[in-house]
A.B. asks: 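Dropping a structure here in C-alpha cells format, bear with me for questions.
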Amino acid sequence: FKKKIEQLAILFTTSKYLFLFFSSVYRQSPRHGGESVADVLRAHGVKFVFTLVGGHISPILVACEKLGIRIVDTRHEATAVFAADAVARLSGTVGVAAVTAGPGLTNTVTAVKNAQMAESPLLLIGGAAATLLQGRGALQDIDQMSLFKPLCKFCASVRTVREIVPTVRKALAIAQSGTPGPVFIEFPIDTLYPYHVVEKEFAPKNTPKGLMGKIIAWYLQNHLSNLFAGAWETCDLSPLSVHIPHATENEVQRCVELVSRAKKPVILLGSQATLPPTPADDVRKALESLGIPCFLGGMSRGMLGKNSPLHIRQNRRDALKEADLVLLAGTVCDFRLSYGKVLNRQSKIIAVNRDRSQLLKNSDMFWKPTVAIQGDAGSFLLRLSKALKGHRCPEEWPRILKEGDTIKEKANRAKADEKTERHLNPLSVLHRVDELLAEDSILVADGGDFVGSAAYIMRPRGPIRWLDPGAFGTLGVGGGFALGAKLCRPESEVWIVYGDGSLGYSVAEFDTFTRHKTPVIALVGNDACWSQISREQVPLLGSNVACGLAFTDYHIVADGYGGKGYLIGREDESQLDDIFKKAQKECREGKAILLNVLIGKTSFREGSISV
C-alpha cells in the first residue's frame with residue numbers, strides 16, 4: 001500500500017511538472033486573473049456587479065469596469081447580495097456580488113441564505129488569502145468554504161489562474177440549473193494580481209543560503225510557475241447548457257384529465273412560476289385561458305394584473321376547504337400553508353416543483369399529492385393550458401370566490417376609515433398610495449406589521465413587480481432589492497414599503513441611491529414599535545420589553561445622505577395625495593425620497609403569527 005501511495009505521488013508530481021514544461025508562463029505579461037473573471041461575466045450577459053470594495057477583489061472590479069460591466073458599491077455587503085438577488089429575479093440572469101475576504105464574506109451569510117430559500121440564481125465572488133498563506137494567520141484568513149457549503153449549490157476555491165474561466169462558467173450554469181440558487185467562488189489574492197506583483201511577494205528578500213533556503217526558494221518558484229502556467233491560453237467563454245426539469249407527457253395528460261373533471265379547482269401560484277425560460281406574460285395568458293381562480297404568492301403577485309376576475313386575494317382557507325382540485329404550482333406546504341393542513345383531504349392535489357424536497361414537504365404528515373411532478377411550474381402551466389384548449393373552469397365558481405373577495409375588501413376598507421387613537425391610520429395610508437401607484441411600479445416589501453398590511457392592500461400592476469424576501473422572512477432586504485430593481489428597470493417607479501424597525505438595516509443605502517443615481521421612494525410606517533412581535537408578546541407574556549422604538553426623524557437621515565425626506569403626521573391627512581404626488585415627481589427628477597409616516601395602531605392584523 002505504501003508503495004502504491006509513493007507511485008501515485010510520483011505520478012502526480014511528474015504530471016504537474018510535465019504540464020509546467022509544456023505550458024507557457026508569461027512572466028512579463030501585465031494581465032491578471034481579474035480580467036479572466038470579467039471576460040466570463042461579460043460573455044454571460046452580466047451587466048452589474050454589486051460590491052463593497054476590498055483589496056482582495058480589486059482586480060475583478062477594475063477589469064469589469066473596463067469591459068463595461070457596471071460596478072455598484074453599497075454600504076454593507078448584505079445589501080450587495082440582496083441587490084444581486086433582485087437583479088436575478090427581475091432579469092432572469094444570474095445576479096453577481098463580489099466582496100472581500102473574511103468579514104466581508106461573513107457579512108453576506110444571511111443574504112446568501114435568503115437567496116437559497118428564495119431560489120434565486122446568484123454568484124457570490126469572495127476574496128481570500130494567498131494560496132501559500134491560507135491557514136498560516138494571514139489577514140482575514142478563515143475557512144470560508146465551510147461557511148458557504150451548506151448555503152450554496154456549488155462552492156469552489158480557485159487554486160491557479162488557468163482554473164478561473166472553467167470554474168466561473170460551471171458555477172454560472174449550476175446557479176441556473178434545476179432549482180436555481182446561490183453559488184460561491186473563492187479567489188485567493190495571488191490568483192487575481194499580475195505575475196510581477198505576486199512574484200515580488202513570493203521572492204526571498206535576500207539570496208537564499210544553505211540547502212534548506214535553496215529548497216524553499218525552488219519550491220516557491222515552482223509554486224509561482226504552476227500558479228500562472230497556461231493562464232492566458234485561449235479558452236471558451238460561452239455559457240454552458242442549463243438543465244431544467246420538465247413534466248413528462250404522461251404526467252401532463254393525467255393532470256389534464258383531473259382538471260377537466262374538476263368543478264371547483266383552485267391554483268396556488270408560487271415564485272417558481274416566474275422563473276425562466278417561460279416568460280411571465282405567457283404564464284398569465286395560460287392562466288387566463290384555463291379560467292381557474294388563482295391565489296398568488298411571492299414573486300407571482302401581480303401575475304394577473306391589478307383587477308383580474310381570476311385573482312382571489314381573500315378567504316383562501318375557506319376556498320381550499322371547498323375546492324375539489326388544488327394545483328400547487330411552485331407553492332410549498334410549509335408554514336405559509338399551515339404545513340398542508342389547510343388542504344382538504346378529499347381534494348385532488350397536483351403539486352409541481354423543481355425541487356423534490358419542496359415538492360413533497362410535509363406530505364408524510366398532513367397531505368398527499370394525487371400527482372407529484374418534479375418539474376418547471378411555468379412551462380407545465382403552458383402545456384396544461386394548451387392541452388385543455390377550449391375547456392374552462394365553470395364560471396360560477398370564480399364568481400362566488402370573487403364576491404367573497406369584494407365583501408372582505410369592503411370590510412377592510414371600512415377599517416381604513418376608522419380614526420386611530422393617535423397619528424394616521426396605516427390602512428388608509430396604504431390605500432392612498434395604492435391608488436396613486438404608476439402602472440410600471442415595482443413594490444419592495446421589507447418589514448413586519450406594516451408590510452403585512454400592505455400585502456393585503458397594495459396591488460402589483462403586473463408580473464414580477466412585487467419583491468419580498470420569501471420563506472426566510474429576512475428583514476433588511478429593502479435597500480438592496482430596490483437598488484437592483486431600479487437598475488434593471490430604470491423607467492419604473494420603485495417603492496420600498498418599510499416598517500420603522502426594518503428601515504434601520506438599510507437606511508444607509510440612501511447614500512448609495514444618491515451616488516449611483518437610482519432614485520426610489522421609501523414609504524416608512526413609523527409606529528415606534530416592533531409591532532408584529534409586540535402584538536403577541538404583550539398579551540402572552542405581559543411585557544413590551546425590547547419591542548419599543550422611538551418616533552425617530554428618519555426623514556432627516558435621508559436628507560443627510562443626499563435624498564429628500566418628509567415627515568407626515570395626522571395634521572397632513574387632508575394633503576396626503578398631494579404629498580405623495582410631489583414625492584413621485586421629485587423621484588422622477590432624480591431624488592431618492594423617504595416618507596416618514598407616523599402611524600397609529602389598528603386591530604387589522606390581530607391573530608397574525610410572528611413565529
Side-chain angles (χ1 to χ4, degrees), residues 92 178-179 242-300 302-305 308-312 319-320 322-333 343-344 346-356 358-360 363 367-402 463-464:
T179 305
V242 172
H243 169 69
I244 297 171
H246 292 287
T248 66
E249 287 298 331
N250 286 340
E251 288 171 333
V252 173
Q253 185 54 41
R254 190 174 176 203
C255 294
V256 166
E257 293 167 5
L258 290 171
V259 173
S260 65
R261 292 197 294 266
K263 303 299 181 187
K264 295 182 177 181
V266 166
I267 296 176
L268 270 60
L269 209 66
S271 295
Q272 276 194 15
T274 67
L275 291 174
T278 308
D281 280 336
D282 289 353
V283 176
R284 174 183 57 78
K285 290 173 185 175
L287 294 171
E288 290 171 348
S289 173
L290 289 167
I292 298 173
C294 300
F295 290 91
L296 309 178
M299 289 286 294
S300 74
M303 179 67 76
L304 293 168
S308 169
L310 297 178
H311 181 197
I312 313 300
L320 291 174
E322 272 197 74
D324 59 2
L325 180 139
V326 178
L327 170 51
L328 303 174
T331 297
V332 182
C333 288
L343 299 175
N344 184 344
Q346 305 306 312
S347 301
K348 304 293 184 184
I349 300 174
I350 300 169
V352 186
N353 200 293
R354 293 195 190 189
D355 187 310
R356 184 160 185 81
Q358 299 293 331
L359 173 68
L360 300 174
S363 63
W367 68 288
K368 295 288 182 189
T370 310
V371 182
I373 300 170
Q374 185 177 357
D376 175 59
S379 59
F380 168 81
L381 288 168
L382 261 64
R383 292 166 67 189
L384 184 69
S385 170
K386 185 178 180 181
L388 284 165
K389 191 173 183 179
H391 172 85
R392 282 183 66 83
C393 167
E395 292 184 3
E396 186 177 359
W397 170 237
R399 182 181 57 77
I400 290 170
L401 293 181
K402 200 66 177 177
I464 320 181

A.B. asks: Is the closest side-chain heavy-atom distance between L269 and L287 below 4.5 Å?
C.D. replies: yes
A.B. asks: Indicate the atoms forming the closest heavy-atom contact of C294 with L304, along with that distance.
C.D. replies: CB-CD1, 4.0 Å
A.B. asks: Is a side-chain donor or acceptor of T331 paired with a backbone partner of L268 at a separation under 3.5 angstrom?
C.D. replies: yes
A.B. asks: As an exercise, state the distance from CD of Q272 to OG1 of T179, rounded to the nearest 0.5 Å.
C.D. replies: 6.0 Å
A.B. asks: List the atom of T278, the atom of G378, and the distance in Å for their closest heavy-atom pair.
C.D. replies: OG1-C, 3.8 Å
A.B. asks: May I ask you to decide if P265's main-chain N or O and W397's side chain share a donor-acceptor pair within less than 3.5 Å?
C.D. replies: yes
A.B. asks: Is there a side-chain contact between E251 and F380, using heavy atoms and a 4.5 Å cut-off?
C.D. replies: no
A.B. asks: Any side-chain heavy-atom pair from V266 and L325 closer than 4.5 angstrom?
C.D. replies: no
A.B. asks: Does a side chain donor of either Q374 or N353 reach within less than 3.5 Å of an acceptor in the other side chain?
C.D. replies: no
A.B. asks: Of all the heavy-atom pairs spanning C393 and P293, show the shortest one and how long it is.
C.D. replies: SG-CD, 4.1 Å
A.B. asks: Which residue, R383, H246, R354, forms the side-chain hydrogen bond (donor to acceptor under 3.5 Å, both in side chains) with D376?
C.D. replies: R354
A.B. asks: Rounded to the nearest 0.5 Å, what separation is found between the NZ atom of K263 and the CD atom of E322?
C.D. replies: 15.5 Å
A.B. asks: Between K348 and D324, is a side chain to side chain contact (heavy atoms under 4.5 Å, CB included) present by the stated rule, with each step listed?
C.D. replies: CA-CA 6 Å; K348 304 293 184 184; D324 59 2; over 6 Å; no
A.B. asks: If you measure from CD1 on I292 to CD1 on I267, what distance do you get to the nearest 0.5 Å?
C.D. replies: 4.0 Å
A.B. asks: Can you confirm whether C255 sits close enough to L384 that some side-chain heavy atom of one is under 4.5 Å from a side-chain heavy atom of the other?
C.D. replies: yes
A.B. asks: Does a side-chain N-to-carboxylate-O contact under 4.0 Å join E395 and R399?
C.D. replies: no
A.B. asks: Side chain to side chain contact (heavy atoms under 4.5 Å, CB included) between T274 and M303: does it pass, once the steps are laid out?
C.D. replies: CA-CA 9 Å; T274 67; M303 179 67 76; 3.8 Å; yes
A.B. asks: Kindly indicate whether the side chain of V259, heavy atoms from C-beta on, has any atom under 4.5 Å from the side chain of I350.
C.D. replies: yes
A.B. asks: Would a distance-only check, ignoring hydrogens and angles, find a side-chain to backbone donor-acceptor pair under 3.5 Å from K285 to L382?
C.D. replies: no
A.B. asks: Looking only at heavy atoms, what is the nearest atom pair of G291 and L310, with distance?
C.D. replies: O-CD2, 3.4 Å
A.B. asks: What pair of heavy atoms forms the shortest contact from I373 to A247, and how long is it?
C.D. replies: CG2-CB, 3.5 Å
A.B. asks: State, to 0.1 Å, how close P394 and A262 come at their nearest heavy-atom pair, and which atoms those are.
C.D. replies: CD-O, 4.1 Å
A.B. asks: Got C333 and L343 here, is their nearest side-chain heavy-atom distance under 4.5 Å?
C.D. replies: yes
A.B. asks: Is the shortest side-chain heavy-atom distance between L296 and I312 below 4.5 Å?
C.D. replies: no
A.B. asks: Is there a side-chain contact between P463 and S300, using heavy atoms and a 4.5 Å cut-off?
C.D. replies: no
